[in-house]
S.K.: 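Would you mind keeping the following structure in view while I ask a few things?
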Amino acid sequence: MARYAQVIVDVPAMQTNRPYTYELPQELQDQAQVGMRVIVPFGKGERQIQGFIVGLTDEYELAIAPKRVTSLMDLAPVLNNEALQLADWLAQKTFSFKIRCLQVMLPNVMRASYSKSLRLLSAVELPQELNSLFAGGSEIEFDESKLSAQQLNKLAQMRQAGHLEVVYHVKDRAKAKLVGVVTSLVDEQNYTQFKAKVRKNAHKQLELLEFLYQNPHQSFLQTKLQADLQVSLNQLKKAAQQGWLKLAQQERYRDPYGDKTLQVTTPKQLTPEQQRAVEQIDQAITAKNATAFLLEGVTGSGKTEVYLQAIAHALSQGRSALMLVPEISLTPQMVQRVKERFGKDVAMLHSALSDGERYDEWRRIERKEAKVVVGARSAIFAPLDDLGLIIIDEEHEASYKQEDMPRYQARDVALWRGKYHNCPVVLGSATPDLATRARAQKGVYQQLNLTKRINGSSLPQVTLVDMREAVKTAPAPDFSQILLDQITERLARKEQVVLMLNRRGYSSFVLCRDCGFVLKCPNCDVSLTLHMDTHSMKCHYCGHEEAIPNRCPSCDSKKIRYYGTGTQKVQAELEKLLPEARILRMDVDTTRKKGAHERLLAKFGAHEADILLGTQMIAKGLDFPDVTLVGVLNADTSLSLPDYRSSERTFQLLTQVSGRAGRADKTGQVVIQTYNPEHYAIQLACRQDYEQFFFYEMNLRHLNNYPPYYYTIKITVSAKSEAEAAKESFAIKKGLDQCLSPQALVLGPTPSSILKIKNRFYYQLVIKYKQEPALEKYLQDLLLQSQSGEKKGIMVVIDREPVNFL
DNA sequence: AGCACGCCGACT
DNA sequence: GTCGGCGTGCTC
C-alpha cells in the first residue's frame, strides 16, 4: 500500500503555509516518521530541497501525480510532537510561515545549505566560451553570479539540446565532531610475536609497540598520541594493519567552556521572603500546576538564589528546567553561578557559541544529558521534555522579542510551554513590564515579592541634577560640578565608578553652524555618526563611511562642528578633567569582538580601572562590590523617542543602573543628570518607586488607548521608491478599514521615523484594538499576498505587539 | 528561485 | 503571419 508524507518545504524565496504531499518510496515507508527532515523534489525543475514531515497518511486525493520523497535526512525525528504543535501556534500567532517556525526550533546547522552543479550528459564539443569552465571534467559547481551573460546563454542552449543538466544538492551541515581514537591491542599474549616481526633498526616502530604494550587495551586521542610519540598517521595505519592497535572515529562534544573545574556551591540560606517565594514555586512544580508567577524583587534582593533553589526542586522531582536570561547578562558571572550549582547537568545556549558548539549543546539536551538549560531568547525552544520549571529573568527586557520572522515573544512561548508541560513559569524583574504587572494585578499571574535587599543594605541615595542650571557652572559639557566632585571623592577613596551615557535615540553628528547642514548618509535617511577612533563618519544602519568634513559641503563655511554626546567624546572630556583616572569604555565599538564584553568586565572587576564608562549595556546584571557611585550623564534622551513606551524604558533603565551602586557595607550614591527633572519617570526612578510608576503610567496608557489596555500590531511596508511604499501602505489601510470595527484605531500610514534605510523607503501602520474577529484572517491573507509583492521589491512585515514603534 | 503560460512588438 | 519579450502564477 502506498504511504504519503505531508511535508512543509523550505523553498528559498518562496513560502507557503500549507504542507505538500509526497509519496514515500517503499524502502522509506517503515523508517519515515513525523518530525523528520526529508529531501524532496520541488517545482518544474525537480530542484531538491529540505522539508519537514508533519504528517503521514494512506490517502492521496489530488488529481496530479504525486512526487516521491528523495531521502530522509534523519534516523529519528528531530522535532517532537510538542515542537510541531508549538510551530503551528507560533505561525498563527506571529503571522509567520510555518517553515520558519520549524526552523527556529533547531540549531542553525540543521538547516540545509543548497548548491547546484552542471553536469555534461554527452560527449559533445563544447563551445569556446565554456571550454575553460569545465576544464576537461564533466561536472562543475554552478554559480550564476560568476558566469558571464554569454556563458549563461550558451549553457541554456546546451541544456535545451539535452547535452547538459542542472543537478541540485542539499547538504546537511549538522555534523557531530569526530576525533580519531587509538586503542592498543598489544598485551602479554601477542607482544613477543609482534616484536619478532619488527626490524631491529626500526626505532620508531619499536617505540610505538613498547608504548602499546605498556598500556594494554587503553585508548588514546590519536592527535595526542601522534604528538607525544612523534609518529605519523601512516605509521599508525600500518600498525593497525599489523593488528597492534585499532583506529576508530569517536563522536566528541565540542567543549565551549574548556576543562575549568568548578567548585560546587550549596544552596544558600534564604530570607523569609525568598523562602516563601521558593515554597510557592515548589508547590506548583510538585502539583504540576501551570501557574505563572511574577517574582518582583528590587535589585539585590536575591532573585537568582530563588531561581536556583526552585530549579533544584524541579530536578529533585526528576524533571528538567529552563532559564532564560537577556543575552547581555549571560556573562561569565551568571553562567558560573548556575554551573557551580548544577555542574554538568547544565547546557548553555548563547550567541557566543559557534554553530557547531550550539549543535552539540542541543544534542546534549535532546539526549537528556543536560537537565538544566540556561540561555538567551531562542533557548526557549530547547528540546527539554518533562519540563518542571521555566524561568524568565529580567522579563521586561526588550530582547525577548525576536525582531525577524518568526517575531515571537519568548515570554509567550514560555507560557505556552508551561501549559503544555503543566509546569510553572516564573517571570522575574525589579521593574516588570507594565503588561506583566497588570496581569498580576488582575490575578492572572501570581505575584511574589522580594522587598528587601539580601544583606540588609539600603537602597542607594539618588541625587538629581538639573542640568538646565548646572550646565552654567559645569566644568565640562557633560559633567556637572556635583557629579565631578563625587567622582573625585571615589577616586581618592580607591572606590569604583560606573558612568552611563544614555545613547538611545541619540548620537553625535556634524552640523554646520552657519547653514544648519547636517551630514547624512547617502543611502539612509539618518545623520552620520562621528567616530573619533577611525577619524571618520559612519552610518549605523548600512555601514557607509566617509571622511570628517572640515568645510560645510553645502555652504563651504568652516563652522562645521560636532554635536551630541558619544562615549568617545565623554571619555576625552573625562581624561582632561581627571587625567589620573583609569577609564574603561564599553560601548558597541569596544565590545564588537567576540568575548570583548567579558574581558572588559573582568578587567573592571579586577580593579584595573577606576571608571567604567558605557551605554545602556552596563546597566544590566553586573555586580561589583567596590562600585559606590553610579552617574547617569543624560537621563532623558530616551524620553523623547516617538514611542509610547519611552517613559517605561527610561524608568527601567534608571532604576536598573541605580541598583548597581552600593553593596553590603558600602552605601551607594547615584547621580542623575537631566534636563527634565520634573518628569515622573525620572522622579519615580530616583525614589525607586515602581508601584507609583506603575499606577501613574497605567493611567496614561488608559487615557491614550495604549497597551496593556489595547493590543497593537505594527505593519511596515518597504519598497525601493517612496511612492510604492506609500501606495501599498494606503492599500492595506483601506483593507483594514473594511475589516475592522469602529472600536479599533489605525494610526497611519506614516513614513517611518527613519524614512530611508539602505536605499529602501519605509511606511508604517499601527493597529490598536481590543477585539477584532476579522483582523486575524485579514492579516493571514496579507501575509500570503505579501509573497507576490516581494518579487517587485515591496515588502510587508506584520509585527504583533512590537517592542518598538520606530 | 525556476519554469510555463500568456498576450503584445519587430521580424522571416 | 511567427519569434520572443518578460508580467503573472504555481510549485505535491
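Chain A is the first sequence line, chain B the second, and so forth, proteins listed ahead of strands; every chain is numbered from 1.
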S.K.: For K67(A) and dC3(B), what is the distance between atoms NZ and P respectively, to the nearest whole Å?
M.R.: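 In whole Å, dC3(B) P and K67(A) NZ are 11 Å from each other.
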S.K.: Please give, in whole Å, the distance from dG2(B) P to E165(A) CD?
M.R.: 15 Å
S.K.: If you look at every strand shown and take non-hydrogen atoms under 4.0 Å, does Y22(A) touch a base, only sugar-phosphate, or nothing?
M.R.: sugar-phosphate
S.K.: Looking at every strand, decide which applies to K792(A) at a 4.0 Å heavy-atom threshold: base, sugar-phosphate, or nothing.
M.R.: nothing
S.K.: Looking for any heavy atom pair under 4.0 Å, which part of the strands does Y168(A) touch: base, sugar-phosphate only, or nothing?
M.R.: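 If one applies the 4.0 Å heavy-atom cut-off, Y168(A) turns out to touch the sugar-phosphate alone, with no base involved.
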S.K.: Checking side chain to side chain contact (heavy atoms under 4.5 Å, CB included) between I767(A) and each of I798(A), L775(A), T712(A), L747(A), which is the one that passes?
M.R.: L775(A)
S.K.: What integer distance in Å separates R47(A):CZ from dA4(B):C1'?
M.R.: 15 Å
S.K.: Between Q85(A) and N81(A), does a side-chain contact (heavy atoms from CB on, under 4.5 Å) hold up when you go through it step by step?
M.R.: CA-CA 6 Å; Q85(A) 282 184 41; N81(A) 205 27; 3.5 Å; yes
S.K.: Considering only NZ, NE, NH1 and NH2 on the basic side and carboxylate oxygens on the acidic side, decide whether R363(A) and E251(A) come within less than 4.0 Å.
M.R.: yes
S.K.: Going 5' to 3' along DNA chain C, which nucleotides are the first and last within contact of chain A (any atom under 4.0 Å from a heavy atom)?
M.R.: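 The contact span of chain A on DNA chain C goes from dG9(C) to dC12(C).
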S.K.: So is K770(A) actually on top of Y710(A)'s ring, under 6.0 Å and inside 45° of the axis?
M.R.: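 Verdict for Y710(A): a cation-pi partner in K770(A).
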S.K.: When all nucleic acid strands are considered with a 4.0 Å heavy-atom cut-off, which category describes R68(A): base, sugar-phosphate, or nothing?
M.R.: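 No contact.
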S.K.: Compute both the distance and the angle, then confirm whether K116(A) meets the cation-pi test with Y168(A): under 6.0 Å from the six-membered ring centre, within 45 degrees of the axis.
M.R.: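 Checked: cation-pi criterion not met.
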S.K.: Please give me the minimum heavy-atom distance between K733(A) and L765(A), naming the atom from each residue.
M.R.: CB-CD2, 4.0 Å
S.K.: Using a cut-off of 4.0 Å on non-hydrogen atoms, how would the nucleic acid contact of Y4(A) be classed: base, sugar-phosphate, or nothing?
M.R.: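 No contact.
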